[in-house]
Amino acid sequence: MSEQNPENITVEQRGRVGLITLNRPKALNALNRDLMEEVIAAARAFDTDPAVGAIVITGSEKAFAAGADIKEMQSRSFSDVYGGDLFSDWDRITKIRKPIIAAVAGYALGGGCELAMMCDLIIAADSAKFGQPEINLGVIPGMGGTQRLTRAVGKSKAMDLVLTGRMMDAEEAERSGLVARIVPAAELVDAAVAVAETIGAKSLPVVMMAKEAVNVALETTLSEGVRFERRTFFSTFATEDQKEGMSAFVEKRDPEFKHR
Ligand SMILES: CC(C)=CC(=O)SCCNC(=O)CCNC(=O)[C@H](O)C(C)(C)COP(=O)(O)OP(=O)(O)OC[C@H]1O[C@@H](n2cnc3c(N)ncnc32)[C@H](O)[C@@H]1OP(=O)(O)O
């Protein structure tokens, strides 16, 4: 395993932001097993590092990721993929408790689009192209695309993308609710890191509670979700940062959160 010496990604820290860059340019960042292990290991390391408040995952100018690695998958049998529960390890990304921003330029197709959707928000370059083209390969999405895309853009648009395999550009993706913001391609990583820095400057435990509460909205009923939110809101009053945030407002100064 390549945890100590990743070969398919680069990992760096900018201030309180952990930046993971997919780096398999010749294969348009196709997501093979090694790359997956490296991304998950890097994300988990940032998740447990108190000096990191938010994480950015990005790719190259041409591709965030052009999907799961078709060449690695091509010769697998049913019993290989069923028995090995192919792609289930990617679910570990959704267990990361700090916010993750996907900074997407170029192609985000198949598993690439699905990885972006596992993140908490997507910032797209104006060059970004999203799609679930698995239908063209004789398969369906397998890393959550039919579920997360449908929740993000609604049934009709999700059906359009999943059944035709067509791509949508950044503007359509933003209009549809998949993408939070579009920025010029040349500014993508800096813009995503700036958003992550803004988040990283807030109280970390409160940010984590907010992320958890928003995610509950995708999994439960409205009344259960509101109940969860209310209890979590009450819990924020157990943090020093709630005292600091409200004192700072009353004293007309910027808060200095201690992340506790
Ligand atoms: C998660 C699940 C269940 C499934 C999936 O994700 S399946 C994959 C879904 N994605 C796709 O079907 C996209 C496949 N790629 C393309 O259609 C094209 O590469 C492109 C439209 C993204 C870009 O086309 P372009 O002509 O600019 O570049 P290529 O010459 O086609 O690609 C360069 C280089 O990268 C290899 N490549 C691209 N995508 C993949 C991939 N998903 N898996 C493995 N390899 C990929 C491509 O073969 C080529 O390498 P070679 O020159 O060595 O053949």
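Whatever order the structure lists them in is the order used to number ligands and atoms, beginning at 1. For clarity, every value in this text was computed on a predicted model and none was experimentally measured.
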Chemist: Considering all protein heavy atoms, does one lie under 4.0 Å from atom 26 (O) of ligand 1?
Modeler: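 Answer no: nothing from the protein, no heavy atom, is under 4.0 Å.
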
Chemist: Using a strict cut-off of 4.0 Å, indicate which atoms of ligand 1 neighbour a heavy atom of Leu137.
Modeler: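 Those of ligand 1 that fall under 4.0 Å from Leu137 are 7 (S), 8 (C), 12 (O).
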
Chemist: Quick one: which of Ala63, Ala108, Ala66, Gly67 has a heavy atom closest to atom 13 (C) of ligand 1?
Modeler: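 Selected option, by shortest heavy-atom distance: Ala66.
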
Chemist: Determine whether any heavy atom of Gln132 lies closer than 4.0 Å to an atom of ligand 1.
Modeler: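 No, Gln132 has no heavy atoms under 4.0 Å from ligand 1.
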
Chemist: Please work out which of Ile70, Leu86, Val81 has its closest non-hydrogen atom nearest to atom 43 (N) of ligand 1.
Modeler: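 Looking at heavy atoms only, Ile70 sits closest to atom 43 (N) of ligand 1.
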
Chemist: Need the ligand 1 atom indices (1-based, order shown) with element for anything under 4.0 Å from a heavy-atom of Gly111.
Modeler: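 The atoms of ligand 1 under 4.0 Å from a heavy atom of Gly111 are 1 (C), 5 (C), 6 (O).
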
Chemist: Does this structure show an ion pair linking Glu244 with Arg253, if we count only N-O contacts that are shorter than 4.0 Å?
Modeler: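 A salt bridge links Glu244 with Arg253.
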
Chemist: Is a salt bridge present between Arg227 and Glu224, judged by a nitrogen-to-oxygen distance below 4.0 Å?
Modeler: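 Salt bridge: yes.
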
Chemist: Apply side-chain contact (heavy atoms from CB on, under 4.5 Å) to residues Val214 and Asp120 and explain how you reach the verdict.
Modeler: CA-CA 10 Å; Val214 172; Asp120 298 303; over 6 Å; no

Chemist: In terms of atom number and element, which parts of ligand 1 are under 4.0 angstrom from non-hydrogen atoms of Ile140?
Modeler: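 What qualifies from ligand 1 is 3 (C).
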
Chemist: Taking atom types as modelled and ignoring hydrogens, do the side chains of Glu72 and Asn32 form a donor-acceptor contact shorter than 3.5 angstrom?
Modeler: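 Side chains of Glu72 and Asn32: no pair found under 3.5 Å.
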
Chemist: For atom 4 (C) of ligand 1, what is the closest protein heavy atom, and at what distance to 0.1 Å?
Modeler: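 Its nearest protein heavy-atom neighbour is Glu134 CG, 3.4 Å.
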
Chemist: Is Glu172 paired with Lys157 through a side-chain N to carboxylate O contact shorter than 4.0 Å?
Modeler: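 A salt bridge is present here (some side-chain N lies under 4.0 Å from a carboxylate O).
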
Chemist: Near Glu114, which atoms of ligand 1 are under 4.0 Å from a heavy atom of that residue?
Modeler: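 Near Glu114, meaning under 4.0 Å from one of its heavy atoms, ligand 1 has 1 (C).
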
Chemist: Show which atoms of ligand 1 fall inside a sub-4.0 Å distance from at least one heavy-atom site of Gly142.
Modeler: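 Contacts of ligand 1 toward Gly142, numbered from 1: 3 (C).
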
Chemist: Could you please spell out the steps behind the salt bridge (charged side-chain N to carboxylate O under 4.0 Å, His left out) verdict for Arg92 and Asp89?
Modeler: CA-CA 6 Å; Arg92 288 185 280 165; Asp89 283 345; 3.8 Å; yes

Chemist: In the protein, what heavy atom is nearest to atom 29 (P) of ligand 1, and what distance, to one decimal place, separates them?
Modeler: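 Of every protein heavy atom, Leu28 CD1, 4.5 Å lies nearest to atom 29 (P) of ligand 1.
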
Chemist: Can you tell me if Ser77 and Asp80 form a side-chain donor-acceptor pair at under 3.5 Å?
Modeler: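 Checked: Ser77/Asp80 side chains pair up, N/O donor to acceptor below 3.5 Å.
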
Chemist: Show the atoms of ligand 1 that are less than 4.0 angstrom away from any heavy atom in Pro133.
Modeler: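 Per the distance check, 9 (C), 10 (N), 11 (C), 12 (O).
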
Chemist: In terms of ring plane angle, is the pair Phe237 and Phe233 parallel, tilted or perpendicular, where the classes change at 30° and 60°?
Modeler: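 Perpendicular: the ring planes of Phe237 and Phe233 meet at over 60°.
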
Chemist: Hey, is atom 31 (O) of ligand 1 under 4.0 Å from any protein heavy atom?
Modeler: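 Neighbour list for atom 31 (O) of ligand 1 is empty of protein heavy atoms (cut-off 4.0 Å).
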
Chemist: Answer yes or no: does an N/O atom from Lys62 fall short of 3.5 Å to an N/O atom of ligand 1?
Modeler: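 By distance alone, the answer is yes.
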
Chemist: Would you mind checking which non-hydrogen protein atom is closest to atom 46 (C) of ligand 1, with the distance to 0.1 Å?
Modeler: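 That would be Ala27 O, 3.9 Å.
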
Chemist: Here's a test for you: under side-chain hydrogen bond (donor to acceptor under 3.5 Å, both in side chains), which of Asp69, Asp34, Asn29 qualifies with Arg24?
Modeler: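 Per the side-chain hydrogen bond (donor to acceptor under 3.5 Å, both in side chains) rule, the option paired with Arg24 is Asp69, out of Asp69, Asp34, Asn29.
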
Chemist: Does atom CZ (Arg44) have a neighbourhood of more than 12 heavy atoms from anything else shown, all under 6.0 Å?
Modeler: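 Count not over threshold, so no.
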
Chemist: Is the shortest side-chain heavy-atom distance between Leu22 and Leu115 below 4.5 Å?
Modeler: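 Result yes, sub-4.5 Å side-chain heavy-atom pair found.
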
Chemist: I would like to know whether Leu178 and Met168 meet side-chain contact (heavy atoms from CB on, under 4.5 Å); could you show each step before the answer?
Modeler: CA-CA 11 Å; Leu178 180 66; Met168 68 175 165; 3.7 Å; yes

Chemist: Is the closest basic N to carboxylate O distance between Arg166 and Asp160 below 4.0 Å?
Modeler: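 Yes, charged N to carboxylate O under 4.0 Å.
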
Chemist: Give the residue and atom name of whichever protein heavy atom lies nearest to atom 17 (O) of ligand 1, and the separation in Å to one decimal.
Modeler: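 In this structure, atom 17 (O) of ligand 1 has Leu109 CD1, 4.8 Å as its nearest protein heavy atom.
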
Chemist: Hey, is atom 19 (O) of ligand 1 under 4.0 Å from any protein heavy atom?
Modeler: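 Protein heavy atoms within 4.0 Å of atom 19 (O) of ligand 1 - there is at least one.
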
Chemist: Can you list the ligand 1 atoms lying under 4.0 Å from a non-hydrogen atom of Met143?
Modeler: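 Counting atoms of ligand 1 from 1, those under 4.0 Å from Met143 are 1 (C).
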
Chemist: Which one holds for Lys26 and ligand 1: side chain close, backbone close, both close, or neither close, with close meaning a heavy atom under 4.0 Å?
Modeler: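 It is the backbone that touches ligand 1; the side chain stays farther off.
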
Chemist: Specify the protein heavy atom at minimum distance from atom 54 (O) of ligand 1: its residue, its atom name, and the distance to 0.1 Å.
Modeler: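 Heavy-atom neighbour on the protein nearest atom 54 (O) of ligand 1: Lys71 NZ, 3.2 Å.
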
Chemist: Look at ligand 1 and say whether Asp69 reaches it with a heavy atom at a distance under 4.0 Å.
Modeler: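 The answer is yes: ligand 1 sits under 4.0 Å from a heavy atom of Asp69.
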
Chemist: Evaluate the 4.0 Å heavy atom contact test for atom 8 (C) of ligand 1: does a protein atom fall under the cut-off?
Modeler: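 Yes; the ligand atom in question has protein heavy-atom contact below 4.0 Å.
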
